There are 2 protein chains.
Amino acid sequence: MAKKKISESTIRRLSLYYRALSVLEKENHQTVSSKELAKREKLTPAQVRKDLSFFGSFGTRGLGYPVAELRNQVASILGINRLWKVALFGVGNIGSALVSYKEFARQGFRIVKLFDNDQRKIGSNHKGIIISDVRNMNKEIAEANVEIAVIAVPATVAQYIVDDVVDHGIKAILNFAPINLKVPDDVYLRNENMSMELEYLSFAMVNNHTQKRPKV
Amino acid sequence: MAKKKISESTIRRLSLYYRALSVLEKENHQTVSSKELAKREKLTPAQVRKDLSFFGSFGTRGLGYPVAELRNQVASILGINRLWKVALFGVGNIGSALVSYKEFARQGFRIVKLFDNDQRKIGSNHKGIIISDVRNMNKEIAEANVEIAVIAVPATVAQYIVDDVVDHGIKAILNFAPINLKVPDDVYLRNENMSMELEYLSFAMVNNHTQKRPKV
DNA sequence: CTCGGTTTGTGAACGTTTTCACATGTTTCC
DNA sequence: GGAAACATGTGAAAACGTTCACAAACCGAG
Ligand SMILES: NC(=O)c1ccc[n+]([C@@H]2O[C@H](COP(=O)([O-])OP(=O)(O)OC[C@H]3O[C@@H](n4cnc5c(N)ncnc54)[C@H](O)[C@@H]3O)[C@@H](O)[C@H]2O)c1
Ligand SMILES: NC(=O)c1ccc[n+]([C@@H]2O[C@H](COP(=O)([O-])OP(=O)(O)OC[C@H]3O[C@@H](n4cnc5c(N)ncnc54)[C@H](O)[C@@H]3O)[C@@H](O)[C@H]2O)c1
């Protein structure tokens, strides 16, 4: 596929465009200008146009972008115009919350497998999904065609789980444990680090940090 | 205070240094080199040295950085060498999970108030904290000296809550709702957007994106 | 007390991302 | 049909962040 080098920031902003376009579509807008799109996500019009221009020409001069069509285009670029099967490891506090998170499903991420090692949880039905024994991941990941793993186990065991998950062919991991996981080069890994955001706020307050528009 | 312009990336990396230094201290290391610190968080030694140099000279040439001392310094820079009182709005799936998140407390963020508008929840004891009626936030935020608000209510009502919270003098907000909140310029706002990370993974897989080291 | 081995701290070079600015094209309205 | 208003797409400039490369400083051994 396309080999151009798209920056991480651009990809993250595509998520924002997608979100804004979904709202615009629900509000029955036919077209939207880069100016309006930028305003809705606190970006600049030039940024919006530049980002989109990496992937093609979607707009009409003098008029703007067709909302519904652009939304589809962005979905297609992000790869969320399809279903992704997700397995979740660790059905504890945060894991349970994630299972109930509607936004994931709405964007094509379907949690189809739950794994834990707690005998009291294994076999029970959680929001319509039976929690599996993590020791069976081998068989069950393959059977269910899982492509993405979400890690929500304690930090102390996260690396072990990830090693196993990688062994079983998973190439994309979203990690909630506050630890730097080691994965092979061909595995995509993203970390969700909530402390980091709070620490950013703390830093800003203590230092009267004159913030630019946040990256996200 | 310091008016130098520190980049967002640097601040985020400080969180990583803090985390790594905490582990190193627990492992009884006396000193650590920029090389080792970089390795532990998948960064480069030059990056580590440059970041720290914005705030002072903490190391010894030929030897490295004193672990315990640097950890304190970083904590002080980040402003987490003190207690921050936090109020959480919306004690639902994600809100409940956050209350139980030990990492926050460990870094000085103490959730002291829970607010909801569900009569069945108000008054009940959740992990040692009585859930308050969100309509009483006026009195209770002031009484408890809350300085940070965490927003975990549905996206549809998030802006209303934030408007109130800002009216009551809060200057720092961590938002989990997938929406772009409007706040005055002097209020710090950070967003936690989990869909964004999954979408990044999706994009990477669909485009065979050759990833650099992730920003975080 | 000197030498060899290390590792910091930092300007300067480099690379990447953002912003600017405008030519180009479309629509609207008289 | 022409003029005014609007808005995209994009090279070029500017801003920003990262990496390089090396002088300076320290340690420990002999
Ligand atoms: N609670 C939060 O709000 C929050 C926020 C951000 C990150 N995190 C991180 O997410 C992770 C989970 O946090 P939590 O609060 O949900 O903890 P938790 O203890 O509630 O949940 C952990 C779950 O993992 C299961 N588990 C333990 N070892 C396992 C193994 N070897 N294989 C499979 N399952 C195993 C446990 O049985 C439990 O169900 C931690 O790394 C935590 O740091 C939590
Ligand atoms: N569940 C997740 O894993 C997850 C992940 C990321 C973001 N989010 C976001 O976090 C928010 C909450 O999600 P959730 O899954 O916990 O939903 P939820 O419905 O379980 O919880 C929402 C809570 O907010 C309370 N609430 C509703 N209106 C309120 C008001 N006006 N004032 C005070 N409290 C009010 C509800 O009573 C409920 O307790 C949503 O915006 C969601 O998009 C959720």
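As a basis for the values below, the full set of heavy atoms in this structure was taken, side chains included, without hydrogen atoms, waters or symmetry mates. Numbered from 1 within each chain, the chains take letters A, B, ... in sequence-line order. Keep in mind that this is a model prediction, so the values were computed, not measured.
- If you take CG of L52(A) and P of dT18(C), they are 13 Å apart, rounded to a whole angstrom.
- Comparing dA7(D), dT18(C), dT7(C) by their nearest atom to the side chain of S9(A) picks out dT18(C).
- Taking only side-chain nitrogens and oxygens, S33(B) never comes nearer than 4.0 Å to OP1 or OP2 of dT7(C).
- Nearest-nucleotide positions on DNA chain C for K50(B) and P45(B) put P45(B) closer to the 5' end.
- Atom pair F58(B):CZ and dC26(D):P shows a separation of 17 Å (rounding to whole Å applied).
- Between R13(B) and dT18(D) there is a side-chain N or O to OP1 or OP2 distance below 4.0 Å.
- With dT8(D), dC20(C), dT8(C) as the candidates, the nucleotide lying closest to the side chain of Y65(B) is dT8(C).
- At dT8(D), none of the side-chain N or O atoms of T60(A) fall inside 4.0 Å of OP1 or OP2 (strictly under the cut-off).
- Put simply, S34(B) has a side-chain N or O that comes within less than 4.0 Å of OP1 or OP2 on dT8(C).
- Between Q47(A) and dT17(C) there is no side-chain polar atom (N or O) within less than 4.0 angstrom of OP1 or OP2.
- Straight-line distance from the CZ atom of F54(B) to the P atom of dT19(D): 12 Å, rounded to whole Å.
- Atom CZ of F55(B) is separated from atom P of dT8(C) by 18 Å (rounded to the nearest Å).
- Whole-Å rounding puts the K35(A) NZ to dT19(C) P distance at 17 Å.
- Put simply, CD1 on I6(A) is 16 Å from C1' on dG15(C), counting in whole angstrom units.
- For the side chain to side chain contact (heavy atoms under 4.5 Å, CB included) with V91(B), the lone residue among L114(B), V153(B), I129(B) that qualifies is L114(B).
- Side chains of L16(B) and M196(A) form a contact here, defined as non-hydrogen atoms less than 4.5 Å apart.
- Side chains of Y200(A) and R12(B): no donor on one and acceptor on the other come within 3.5 Å.
- Regarding contacts with the backbone of dG15(C), every side-chain N or O of K5(A) stays at 4.0 angstrom or more from both OP1 and OP2.
- The CG-P distance, from D51(A) to dT17(C), rounds to 11 Å in whole Å.
- With sequence neighbours left out, the ring pair (Phe, Tyr, Trp, His ring centres under 6.0 Å) criterion links F115(A) to F89(A).
- There is no side-chain donor-acceptor pair under 3.5 Å between Y101(A) and N93(B).
- The 5' end of DNA chain D is approached more closely, in terms of each residue's nearest nucleotide, by V32(A) than by the other of S7(B) and V32(A).
- Nearest-nucleotide assignment on DNA chain C puts the 5′-proximal partner with G64(B), out of R49(A) and G64(B).
- In terms of modelled atom types and a separation under 3.5 Å, the side chain of N193(A) and the main chain of P178(A) share no donor-acceptor contact.
- Between the side chain of R61(A) and the base of dT24(C), at least one donor-acceptor pair of N or O atoms lies under 3.5 Å.
- In the set dT18(D), dT10(C), dT19(C), dT10(C) carries the atom at the smallest distance from any side-chain atom of S53(B).
- Taking atom CG on L70(A) and atom C1' on dT8(D), their separation rounds to 13 Å, with Å as the unit.
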